[in-house]
Amino acid sequence: MSFEQKPCHVAIVMDGNGRWANSRSLKRTIGHQAGITAVKGVVKSSLKHGIEVLSLFAFGQDNWKRSDEETSFLMQLFYRSLEGEYKKLHAQGVRIRFIGELSAFSDKLLGMIKEAETLTQCNSRLTVVIAVNYSGQWDILQAMHKYQVQQHSLPQTPGSLAPYLATSGLPDPDLFIRTSGEQRISNFMLWQLAYTELYFTQVFWPDFDANIFEVALRWFDTRKRRFGNAKDNANNAKTIKDEHE
Ligand code: IPE
Ligand code: MG
């Protein structure tokens, strides 16, 4: 399958693990476990389609509001999944990068995160960005803070703040996908999603598979991206600009 227009960066809010489990009379934690299988699938599909960056919202700052049982299960699941997968991902040329307020995590999990990031840091086939204890508002604030500390002033343009965001060095997402029927951004990459195409699907995250990913990619292929330009001159903006120069 080939596309005329392929997203370079796909960002996903993996939602619906709990409802997937409830609908089967299973515990929510079983849904999270099933969600890991879907993560492995979407990484495989991204490699197949030549996607360069895949960002996954795994745990938001607001998810600490959940029960202790669920959050501690999730932390253990992150650890086990990372431990079991990072060397395999490395062998496939995948770079693993974490974004979020990582200091909230245990030394054990932090050590595993560091190990995975360090081992894979020179890989360039696909970058998998895992957002944990992340929020878009936090990202903007920490970037402003870092900018002020380093530059002793405030940023004057969006481009000058971008290198201070957690996503520094990465292109902004072209395609955003959210599963489970909810149509909201839920504090994911607020700054970076400024011109991203938004795709929503009813399926719960554990049911997200290669076919649904391809449906989203086909939908993206039909989008006319204008980035604020007018409909008629989006493709010849450079020509028009040149004429005026
Ligand atoms: C998404 O599934 C996974 C995480 C946020 C870790 P949910 O746990 O939000 O599932 P629902 O929305 O309750 O069904
Ligand atoms: Mg949810």
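In what follows, residues are counted from 1 in the order of the sequence shown. Counting starts at 1 for both ligands and their atoms, following the listed order. Everything numeric in this text was worked out from a predicted model, so none of it was measured.
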- For P173 and R225, which heavy atoms make the closest approach, and how far apart are they? O-NH2, 4.3 Å
- Query: Any idea how many protein N, O or S atoms are nearer than 2.8 Å to the Mg ion (ligand 2)?
  - Reply: 1
- Start with the C-alpha gap between H32 and N17, add the side-chain angles, then the distance that decides, and say whether side-chain hydrogen bond (donor to acceptor under 3.5 Å, both in side chains) holds. CA-CA 5 Å; H32 294 314; N17 291 351; 3.1 Å; yes
- Task: Please name the residue in the list Q148, Q142, Q151, H145 that meets the side chain to side chain donor-acceptor pair (under 3.5 Å) test with Y164.
- Result: Q151
- Query: Take atom CZ in F3; do more than 12 heavy atoms of anything else shown fall under 6.0 Å from it?
  - Reply: yes
- Short N-O contact, K27 and E69, less than 4.0 angstrom: yes
- Message: I'd like to know if E117 pairs up with R97 as an ion pair, taking the criterion as any Lys NZ or Arg NE/NH1/NH2 lying under 4.0 Å from an Asp or Glu carboxylate oxygen.
- Response: no
- Query: What residues form a side-chain contact (heavy atoms from CB on, under 4.5 Å) with A104, not counting sequence neighbours?
  - Reply: W64, N133
Short N or O separations between ligand 1 and the protein, below 3.5 Å:
unit_1	atom_1	unit_2	atom_2	d
ligand 1	2 (O)	G16	N	3.3
ligand 1	2 (O)	N17	N	3.1
ligand 1	8 (O)	R28	NH2	2.9
ligand 1	8 (O)	R66	NH1	2.6
ligand 1	9 (O)	D15	OD1	3.0
ligand 1	9 (O)	R66	NH2	2.9
ligand 1	10 (O)	G16	N	3.4
ligand 1	10 (O)	N17	N	3.1
ligand 1	10 (O)	G18	N	2.9
ligand 1	12 (O)	D15	OD1	2.9
ligand 1	12 (O)	R19	NE	3.4
ligand 1	12 (O)	R19	NH2	2.8
ligand 1	13 (O)	R28	NH1	2.9
ligand 1	13 (O)	R28	NH2	3.0
ligand 1	14 (O)	G18	N	3.3
ligand 1	14 (O)	R19	N	2.7
ligand 1	14 (O)	R19	NE	2.7

- Write out all pairs satisfying salt bridge (charged side-chain N to carboxylate O under 4.0 Å, His left out) with one or both partners inside residues 9-21, taking only residues at least two apart or from two chains. D15-R19, D15-R178, R19-E182
- Message: So does F176 get a backbone contact from the side chain of E197, meaning a donor-acceptor N/O pair under 3.5 Å?
- Response: no
